[in-house]
Number of protein chains: 2
Amino acid sequence: MRADARENRARVLTVARELFAERGLDVPMAAIARRAGVGVATLYRRFPTKESLVMEAFAEQFAVCQSVIDDALQDPDAWRGLRTVIEKVCLLQACDRGFTAAFTASFPDLHAEARDRTWRNFGALVQRAKDSGHLRADFSPHDLTLVLVANSGLSSLPAEAAVAASQRLVAYLLESFRAGTDALPPPVPLSLDLVLR
Amino acid sequence: MRADARENRARVLTVARELFAERGLDVPMAAIARRAGVGVATLYRRFPTKESLVMEAFAEQFAVCQSVIDDALQDPDAWRGLRTVIEKVCLLQACDRGFTAAFTASFPDLHAEARDRTWRNFGALVQRAKDSGHLRADFSPHDLTLVLVANSGLSSLPAEAAVAASQRLVAYLLESFRAGTDALPPPVPLSLDLVLR
DNA sequence: TGCTAAGTGGAGACCCCCGTCCACTTGAGG
DNA sequence: CCTCAAGTGGACGGGGGTCTCCACTTAGCA
């Protein structure tokens, strides 16, 4: 590949990541091209379809996400591991408007192997957390889906509010997931005054 | 208005409500027209713009929603009132894909008077619930927004799953909102096996 | 420096959406 | 039954999206 082409390709990816994060996946290809200072044809030469650009743009984040999960799943403190999985993935979602959409859209396509392994590991983690007495017994692994989908709804908020809201939501939910609830940890303060008036 | 016209108008509204509920607000006008057995022009004769059709279609639900809230706000048992507001509005959202979008889109336009009154009443309810010792002291009225926005994210799930998920989410959150948390009420069982594989 | 394949940009084909226009049809009162 | 205003449907304009085509430019090697 020629040097200038490689540079263009990299710039396109950077710009795409920025715009997807700010404005979600429905930003037009033409906008990405303009901001990257190239023509539309250049985009389609490197990425035959918009979907392929999305996948490429988020590949890095997927890897990060995967390793975050894998690490947490290995945590000897099962409750801390569970908490970490939820907190980190939710933060990723809240910081990047496009990530959620890309994630759920690609999830079925991630080769079943990796998906099933993660899911199995998570199930094991849940069981360990229950056994350790920190996680309520009626917690279901599907509650992870519940949290992620609920958290994804927050991406309709303005960017700064989304992070604050996500942290507060996660704090509330984690509190419900705990078994004992001895002391109530106060949820993260929230500044949502701007939202809905 | 002529008899057949009145009938057509009614049928359009019914169909619009169905389709908005099933598929959200971005169902094309042409689809509504086709399913109602009329031409596009007939839609636009009765509803000058798509937005006006949306508003008209959801007017009834808005009224229901408003009265649900007003009733709950009057409840002498403040905690029960708060619970009811959250449960009922979330259920409305979960049952109707279009409702959330229509609600947030129209919320700024509902004449400021009604909006402010509801918001003031809710603030008072929150205060009463805190005073009664049932609601945690650091609960913010903005947490209502948080719950509604999070709950709205569930509408990306298939219809049946959305209701179950919403109920479980609300049960978890309400538990966190309670002050004492003496006994942990088990959350509603969840059947999300179909989701994300 | 000159050649050539790789690379490029912009016009435009194609599609889907909202909303309008206009020639045609029909309900219902006299 | 006749009339005509009210009602109707489908074609169409305008805008915005994805993706393609093609004449032109340029990097990189001999």
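In the text below, chain A, chain B and the rest are named by the order of the sequence lines, each starting its count at 1.
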- Please name all residues satisfying ring-ring contact (aromatic ring centres under 6.0 Å, His included) with B/Phe139, sequence neighbours left out, ordered by chain then number. B/Phe177

- How is A/Arg46 classified with respect to the nucleic acid when contacts are heavy atoms under 4.0 Å: base, sugar-phosphate, or nothing?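 Sugar-phosphate: the residue A/Arg46, judged by heavy atoms under 4.0 Å, touches backbone atoms but no base.
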
- Item | Pairs involving residues 116-125 of chain B, ordered by first then second residue, that meet salt bridge (charged side-chain N to carboxylate O under 4.0 Å, His left out) (sequence neighbours left out) | B/Asp70-B/Arg117

- Task: Write out all pairs satisfying salt bridge (charged side-chain N to carboxylate O under 4.0 Å, His left out) with one or both partners inside residues 28-40 of chain A, taking only residues at least two apart or from two chains.
- Result: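 Residue pairs with at least one partner in residues 28-40 of chain A: A/Glu18-A/Arg35, A/Glu22-A/Arg35.
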
[X] [atom1] to [N] [atom2]: how many Å, rounded?
| X | N | atom1 | atom2 | value |
| --- | --- | --- | --- | --- |
| B/Asn8 | C/dG27 | CG | P | 11 Å |
| B/Ile32 | D/dG9 | CD1 | P | 15 Å |
| B/Phe47 | C/dC18 | CZ | P | 15 Å |

Contacts of [X] that satisfy side-chain contact (heavy atoms from CB on, under 4.5 Å) - sequence neighbours left out:
| X | result |
| --- | --- |
| B/Arg17 | B/Leu13, B/Ala57, B/Glu60 |
| B/Ser52 | B/Phe47, B/Pro48, B/Thr49 |
| B/Ser132 | B/His134 |
| A/Pro28 | A/Arg23, A/Ala31 |

- Can you pull the side-chain hydrogen bond (donor to acceptor under 3.5 Å, both in side chains) pairs that have at least one residue in residues 74-86 of chain B, sequence neighbours excluded?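 Checked against side-chain hydrogen bond (donor to acceptor under 3.5 Å, both in side chains) - neighbours excluded - the pairs reaching residues 74-86 of chain B are B/Asp75-B/Arg80.
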
- Task: Decide whether A/Ile32 and A/Met55 are clustered together by the hydrophobic rule: side chain heavy atoms of Ile, Leu, Val, Met, Phe, Trp, Tyr closer than 4.5 Å, transitively.
- Result: yes

- Note on the structure: The contact string for nucleotides 24-30 of chain D, one letter per nucleotide 5' to 3', using protein heavy atoms under 4.0 Å with B, S and - for base, sugar-phosphate only and none, comes out as --BSS--

- Task: Mind listing the residues from residues 17-28 of chain A sitting with a heavy atom below 4.0 Å of DNA chain C? Number order is fine.
- Result: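 Residues of residues 17-28 of chain A that come under 4.0 Å of DNA chain C do not exist, since none gets that close.
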
Taking N or O atoms only and anything under 3.5 Å, show me the protein contacts with nucleotides 19-23 of chain C, one pair per line.
| unit_1 | atom_1 | unit_2 | atom_2 | d |
| --- | --- | --- | --- | --- |
| C/dG19 | OP1 | B/Thr49 | OG1 | 3.0 |
| C/dG19 | OP2 | B/Thr49 | OG1 | 3.4 |
| C/dG19 | OP2 | B/Lys50 | N | 2.8 |

- Message: List the residues meeting side-chain hydrogen bond (donor to acceptor under 3.5 Å, both in side chains) with A/Thr118, not counting sequence neighbours, and say none if there are none.
- Response: A/Gln66

